[in-house]
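Working notes for the structure below.
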Amino acid sequence: MLIFWKKFRDWLVEQLKAIYCVIRYYVPEVWRGSVSAMGFYVFIVALFAILSLILILVTLIFNVPGFTVFAFVSTLATLLLVWSPIGIVLKIFKINSTIVPQGLKVFVSWVAFLGFIGLLYPELISFKAIFAFALLWFILLGMTVKINVLDRIIFPLVVLMCLTFGWKYFFPDSFRSSTRYLSSWSKAVVTWKDRGSIRNEAMSAVTYGYPVRDIKVAYIADTWQAKEKSRKEKRVGKEKGISEGDIMNLRDTNVFIARGTIIKVFNHKKEVKEFEGQGFIQIQLPREGNSFVKGKKCWVEADLIHLVTPTKLAEIEEAKRQFVIDSTNMARRRHLLDSLAVASRYRVRYAGTYEMNLAVGQVSEVWDSIPPGHAYGFAPSSQARFQVIYPDGMIINSWDPQQLPDKYRFKVKNLGAERPKLVVLT
């Protein structure tokens with residue numbers, strides 16, 4: 001009103017002049033005392049303002065919680081002290097309903113909140129933080145929102161900060177372990193994102209592929225280098241629609257790339273180059289040890305290469321490895337089954353005497369095998385009649401005088417009532 005309403009300013013000035021004249025004329029002692037009091041009041045206000053400014057500067061430099069609290073309390077006290085006479089006058093003249101208006105209360109609350117943060121977390125107080133806080137307050141002050149920031153946000157935040165401070169002070173181990181646990185989760189999330197970044201960056205950095213059929217001819221390309229040409233040649237090339245890097249000629253190179261061989265696209269950021277109606281890409285072949293670093297580079301037809309991502313390539317390699325493992329396991333399983341089958345067809349006879357439990361006319365179901373270093377024969381008997389049958393078809397009759405051959409795998413066919421007895425000697 002003092003700024004925008006001239007009649008109010010004139011009326012206020014007249015009232016103040018009248019009060020001044022009445023007091024000075026009728027009670028000059030009171031006037032002189034009032035002037036002295038006003039001078040002392042101004043001195044006290046100036047002293048407090050200078051002291052508050054010094055303390056705030058010291059707070060910003062040293063970040064000492066005690067100085068922070070004292071500086072902010074002194075600043076707010078000085079502010080209220082300066083405003084009190086003006087507020088009293090405005091209330092007397094019924095311009096304001098209260099001595100301290102709502103706007104000043106809001107400002108004091110925000111400054112007190114800043115000092116409260118400086119008390120609990122002095123490391124956050126700095127010139128930059130204070131000015132950022134002031135800018136935030138100005139932004140909120142100008143926002144036309146229906147949310148009371150002090151009531152809905154600042155006050156619950158202060159309560160939460162007090163509870164947190166009390167938890168830290170009275171239960172330090174619980175606070176430390178809880179903050180450590182939350183910090184570990186935060187680190188885990190950060191590390192997970194870093195790992196994902198590495199994976200994505202690695203996948204985006206390289207492109208692999210393999211030929212869909214055997215490539216028996218690859219090429220070395222001669223490209224157009226405009227920066228090395230003369231002005232006339234550049235003009236001619238431009239008229240022909242030739243740009244730098246285009247293939248001008250292809251020369252054969254002695255390579256053979258078998259179907260399914262993993263290759264690397266040398267630079268997937270480069271466009272497919274056309275030559276005589278065919279698209280070509282530059283690839284890099286693996287060296288010994290399957291390393292592509294400094295591998296041989298050549299150009300091949302782009303349509304002969306099937307591109308795969310590193311993830312897909314890893315899946316292919318894993319499938320190959322699993323196929324090898326499965327093949328090995330299958331071979332081992334087959335060998336085991338064969339061994340079991342062999343064991344079921346052959347019966348090893350070690351040193352000892354064995355009665356052949358065979359009926360008349362019955363042949364052994366499995367082959368009897370004599371281990372190396374052992375000799376064998378049959379117990380002599382005039383009643384036993386049998387035949388010894390060997391795998392090559394040879395048959396020895398028990399009633400014939402000939403000796404048993406040096407063959408150690410056989411079957412026995414019983415022909416008499418008395419069962420033959422096999423004797424194995426070491």
Side-chain angles (χ1 to χ4, degrees), residues 180-223 243-247 249-339:
R180 180 184 177 184
Y181 182 74
L182 294 176
S183 177
S184 65
W185 271 103
S186 175
K187 292 178 180 178
V189 172
V190 171
T191 304
W192 173 75
K193 292 189 292 184
D194 287 335
R195 293 190 187 120
S197 300
I198 293 175
R199 181 174 58 253
N200 295 335
E201 291 166 0
M203 290 183 60
S204 63
V206 64
T207 299
Y208 295 102
Y210 58 86
V212 296
R213 61 178 175 83
D214 292 347
I215 297 178
K216 300 179 181 180
V217 180
Y219 307 95
I220 301 297
D222 297 327
T223 57
S243 59
E244 187 171 354
D246 287 350
I247 297 177
N249 187 31
L250 290 176
R251 293 178 283 109
D252 294 356
T253 181
N254 186 22
V255 296
F256 176 78
I257 308 174
R259 179 179 180 272
T261 302
I262 300 300
I263 57 93
K264 183 175 78 72
V265 177
F266 181 67
N267 190 350
H268 57 226
K269 298 180 182 180
K270 297 294 184 180
E271 299 177 355
V272 174
K273 302 297 183 181
E274 294 187 6
F275 182 76
E276 295 185 355
Q278 182 76 36
F280 290 84
I281 59 172
Q282 191 177 24
I283 65 172
Q284 196 168 19
L285 302 178
R287 301 186 302 159
E288 295 182 1
N290 294 327
S291 174
F292 289 95
V293 179
K294 297 182 180 180
K296 184 175 182 179
K297 297 182 287 293
C298 59
W299 291 79
V300 297
E301 292 88 338
D303 56 309
L304 297 181
I305 302 299
H306 180 77
L307 301 180
V308 293
T309 63
T311 302
K312 185 64 176 179
L313 179 61
E315 293 176 357
I316 294 174
E317 294 298 326
E318 178 62 22
K320 291 180 180 178
R321 188 183 71 86
Q322 192 62 40
F323 176 77
V324 172
I325 294 175
D326 293 342
S327 300
T328 303
N329 293 336
M330 186 176 297
R332 290 176 179 173
R333 191 179 300 110
R334 187 179 297 110
H335 178 71
L336 178 61
L337 293 176
D338 292 343
S339 300

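Because the structure is predicted, anything quoted here is derived from the model rather than measured.
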Exercise for the section: Let me see the working for K216 and V255 under side chain to side chain contact (heavy atoms under 4.5 Å, CB included), right down to the final yes or no. Expected result: CA-CA 7 Å; K216 300 179 181 180; V255 296; over 6 Å; no
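Rounded to the nearest 0.5 Å, atoms CZ (F256) and CG (D214) are 4.0 Å apart. Rounding to the nearest 0.5 Å places CZ of R180 at 8.5 Å from NZ of K187. Between the CD atom in Q282 and the CD1 atom in I220 there is a gap of 8.0 Å [rounded to 0.5 Å]. Note that SG of C298 and CG of L285 are 4.5 Å apart. Values are rounded to the nearest 0.5 Å. The distance from atom CG of L304 to atom CD1 of I281, rounded to the nearest 0.5 Å, is 9.0 Å. Residue S197 holds its OG atom at 9.5 Å from CH2 of W192, rounded to the nearest 0.5 Å.
Across all non-hydrogen atoms, the minimal contact from I215 to P211 is CD1-CB, 3.8 Å. Closest heavy-atom contact between G295 and R287: CA-CG, 3.8 Å. Contact detail for F275 and F280: the closest heavy-atom pair is O-CE1, 3.7 Å. In terms of heavy atoms, I305 sits closest to G209 at CG2-CA, 4.2 Å.
Using a 4.5 Å heavy-atom threshold, the side chains of E317 and I262 count as touching. Within the 4.5 Å cutoff, side-chain heavy atoms of R251 are placed close to those of D222.
Side-chain contact check for Q284 and K264: at least one donor-acceptor pair (N or O, by modelled atom type) lies under 3.5 Å.
No more than 12 heavy-atom neighbours from other residues, nucleotides or ligands sit within 6.0 angstrom of CD on E271. Within a 6.0 Å radius of CD in E274, no more than 12 heavy atoms belonging to other residues, nucleotides or ligands are found. Crowding of D252 atom CG: a count of heavy atoms from other residues, nucleotides or ligands under 6.0 Å exceeding 12.
Taking the six-membered ring for Trp and thresholds of 30 and 60 degrees, Y210 and H306 have ring planes inclined between 30 and 60 degrees apart. Between F292 and Y208, the ring planes are tilted. Angles from 30° to 60° get that label.
Here the side chain of S327 pairs a donor or acceptor atom with the backbone of F323 at under 3.5 angstrom.
Scanning for side chain to side chain donor-acceptor pair (under 3.5 Å) contacts around K296 gives T253, with sequence neighbours left out. Qualifying side chain to side chain donor-acceptor pair (under 3.5 Å) partners for H268, counting only residues two or more places apart in sequence or in other chains: T207.
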